[in-house]
Amino acid sequence: MSKKVKIVKGSGGFGGPLVIGVNGKKDKVMYVTGGHKPAIVDKICEITGASAVNGFETSVPEDEIMAAVIDCGGTLRCGIYPQKGIPTINIMATGKSGPLRQYITEEIYVSNVDVDQVSVAGEEEGSEQASETVQQASSEETEKEEKTESEATYSKDKKIMETRAEQENKSLLTKIGLGAGKVINTFYQAARDAVETMLHTVIPFMGFVALLIGIIQGSGIGDLFANIMSPLAGNIWGLMVIGLICSLPFLSPLLGPGGVIGQVLGTLIGVEIGKGNIPPNLALPALFAINTQNAADFIPVGLGLAEAETKTIEVGVPSVLYSRFLNGVPRVFVAWLASFGLYK
Amino acid sequence: MDFIVKLAEGFINLFQTGADTFIDWMGSIVPLVLMLLIAMNTLIQLIGENRINKIAQKSAGNPLLRYMVLPFLGSFMLANPMLHSLGRFLPEKYKPSYFAAAGQFAHTSNGIFPHINPAELFIFLGIASGIQQLGLPMTDLAIRYLLVGLVMNFIGGWVTDFTTSYVEKQQKVKLSKKVHVEG
């Protein structure tokens, strides 16, 4: 049996330690990091004997992936592989965040990993397996207990409402009650999810952007930026240049991750609009100009979600990069045409 | 001494400006987005994912349905990133094009429906906060963003059909135009 690798979190990172090794068909380390190959991939492969695959160029069947290496700043990718049950190593310090954050757990995800965090695993696996079997045995016992109890009319595992829902002859009143309960529960769960999203995703970013605005406006940098940004973002030609740069096929995957570059650019332009340096109707073409690289880093993952074949991903990545480039500038121009009469 | 005091004041001022901006957003944008998120999450739960899957299966044949109607409804119902999963109902050949359109719908509709992509909301909000500062309504901008998006994202998807054909020739492969769905 080949060696296993132990990966711990870096300072400020989250999750882990993960102990992974080649297991049957699972012998590939896939890295989805915009093209370059992080040093940890080599080290992991060296220890475990796995082979490295660039997930940005090709795809691997999910059941052959031993681990995924990503560089996600906290929007999507960091949750996608954990959701599929693939051990995930993030070279950024992202913790539980993004829309799929509920799948990011310490058992399957570790972040801020560099070469120093990767080491050969010791002989702890035997004891771990033993404890797993113990757990299984005990869970079987509890299941048996549940079965005997549920024969009574009301069981202690279920609320009265749930017991009623299982009974076959429901009275009209029960039906109304159950229906209303379901709707209210849906609302409540939706509220819980929404508050979670706000707390973990939107408000942290707001804090970051607010600090950025404070530093830009409070120091002299704001005027400096205004001098650079206003001629560029203050007219349609400049905006088209921004759109062109962001959509360059070799640049767009690097500008994409997390939409962070776009969001910072947007904030900078927003500040200048607020100060009156850029006319407000140009906000519309600006929205398109700062985002021509939209999702360019995400192509293999998105196509993976669409259950695309490997061949399709190999064709799809350059194809979408080209089409982003062809579309980028025209989008800005059309948006400019559509901005006539806005805020006049 | 005066110089040091001035320096300290300037230093604190950096953070005070940021803090004012932050609490302004907490009072205006946060509650509004939160209410919208709750309402939209509920609506999506009540309508259910199955219905949108059915629409997806019927959309394979027509570019207008494929790159405009489907990603628009999909982004609204499934939000980012799960809207990309609807691509599985399309033939291999059209999957890159659907991705191209869907990725953009995750932004252009985000101005009015922030539940679609809350993590990248500041693409819109960064610029829109400037509009808000001028005392102008953000909704005008959000609606035009959505409408221009509707047209241009469709064109984006459709153009990708051609770039896909081009790359196919380059790599000398042929992607299937037939739908192939397991299960």
Side-chain angles (χ1 to χ4, degrees), chain A residues 75-76 98-99 186-187 190-191 193-194 197-198 201-202 205-207 209-211 213-215 217-219 259 262-263 266-267 269-271 273-274 280 283-284 286-287 290-291 294-295 299 302-303 305-309 311-312 315-316 318-320 322-323 326-327 331 334-335 338 342-343, chain B residues 13-15 17-19 21-22 25 30 33-34 37-38 41-42 45-46 79-82 84-85 87-88 92 95-96 98-100 103-104 106-107 118-124 126-131 133-134 136 140-141 144-145 148 152 155-156 159-160 163-164 166-168 171 173 175:
Chain A
T75 47
L76 293 177
T186 311
F187 264 103
D193 290 346
T197 309
M198 291 305 283
T201 317
V202 180
F205 205 87
M206 238 173 213
V209 173
L211 177 63
I213 289 183
I215 292 174
Q217 288 190 335
S219 68
Q263 300 192 71
T267 307
I269 293 177
V271 169
I273 291 175
L284 187 63
L287 279 173
I290 58 172
N291 205 17
N294 173 341
I299 305 167
L303 287 173
L305 284 172
E307 293 167 16
E309 291 165 11
K311 219 167 51 173
T312 313
V315 172
S319 169
V320 175
Y322 294 160
S323 86
L326 291 177
N327 281 313
R331 280 167 75 83
V334 171
L342 181 66
Y343 300 127
Chain B
N13 188 37
L14 294 184
F15 304 106
T17 318
T21 313
F22 184 71
W25 284 343
V30 168
V33 171
L34 184 65
L37 276 179
I38 297 174
N41 283 350
T42 310
Q45 282 299 316
L46 291 178
N80 198 30
M82 289 322 286
H84 293 299
S85 70
R88 70 183 186 275
E92 292 294 320
K95 282 179 183 176
Y98 173 78
F99 172 83
Q104 288 172 329
H107 282 282
E120 296 173 20
L121 188 57
F122 264 86
I123 296 253
F124 173 76
I127 288 183
S129 66
I131 299 291
Q133 219 176 340
L134 293 175
L136 298 167
D140 294 37
L141 181 65
R144 287 194 194 218
Y145 191 30
V148 175
M152 292 312 287
I155 294 176
V159 167
T160 313
T163 54
T164 305
Y166 174 74
V167 179
E168 271 180 336
Q171 300 193 358
V173 289
L175 298 179

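Order of the sequence lines sets the chain letters (A, B, ...), proteins ahead of strands, with each chain counted from 1. Because the structure is a prediction, the values reported are computed rather than measured.
Among Val173(B), Thr21(B), Thr164(B), Ile155(B), the residue making the largest number of heavy-atom pairs under 4.5 Å with chain A is Thr164(B). With respect to chain A, the highest number of heavy-atom pairs below 4.5 Å among Ile127(B), Leu121(B), Val33(B) belongs to Ile127(B). With respect to chain B, the highest number of heavy-atom pairs below 4.5 Å among Ala335(A), Ala191(A), Ala190(A) belongs to Ala190(A).
Applying the side chain to side chain contact (heavy atoms under 4.5 Å, CB included) test to Ala308(A) and every residue at least two apart in sequence or in another chain returns Leu303(A), Thr312(A), Ile313(A), Glu92(B), Lys95(B). Scored by the side chain to side chain contact (heavy atoms under 4.5 Å, CB included) test, Thr17(B) finds Gln217(A), Asn13(B) as partners (sequence neighbours excluded).
Proximity of a side-chain donor or acceptor of Ser323(A) to a complementary backbone N or O of Thr160(B) within less than 3.5 Å is not detected. Judged by distance alone, the side chain of Asn294(A) and the main-chain N or O of Gly103(B) form a donor-acceptor pair under 3.5 Å. Judged by distance alone, with hydrogens and angles left aside, the side-chain atoms of Arg144(B) form a donor-acceptor pair with the main-chain N or O of Ala338(A) at under 3.5 Å.
Scanning both residues, Ile38(B) and Phe187(A), for their nearest heavy atoms gives CG2-O, 4.2 Å. Taking every heavy atom of both residues into account, Gly156(B) and Asn327(A) meet most closely at CA-ND2, 3.1 Å. Listed here is the closest heavy atom pair of Ile123(B) and Ile290(A): O-CD1, 3.8 Å.
Counting only heavy atoms from C-beta outward, the side chains of Met206(A) and Val30(B) approach each other to under 4.5 Å. Looking at heavy atoms from C-beta onward, Leu141(B) lies in side-chain contact with Leu287(A) at the 4.5 angstrom threshold.
Both the backbone and the side chain of Phe124(B) have a heavy atom closer than 4.5 Å to some heavy atom of chain A. For Gln171(B), the part lying under 4.5 angstrom from a heavy atom of chain A is the side chain only. Using a 4.5 Å cut-off between heavy atoms, Leu326(A) contacts chain B through its side chain alone, with no backbone atom that close. In this structure, the portion of Tyr166(B) lying under 4.5 Å from any heavy atom of chain A is its side chain and not its backbone.
Rounding to the nearest 0.5 Å places CD1 of Ile273(A) at 5.0 Å from CD1 of Ile131(B). Separating the CG atom in Leu211(A) from the CZ atom in Phe22(B) is a distance of 11.0 Å, to the nearest 0.5 Å. Distance check, rounded to the nearest 0.5 Å: CG of Asn291(A) to CD of Glu120(B) gives 8.0 Å.
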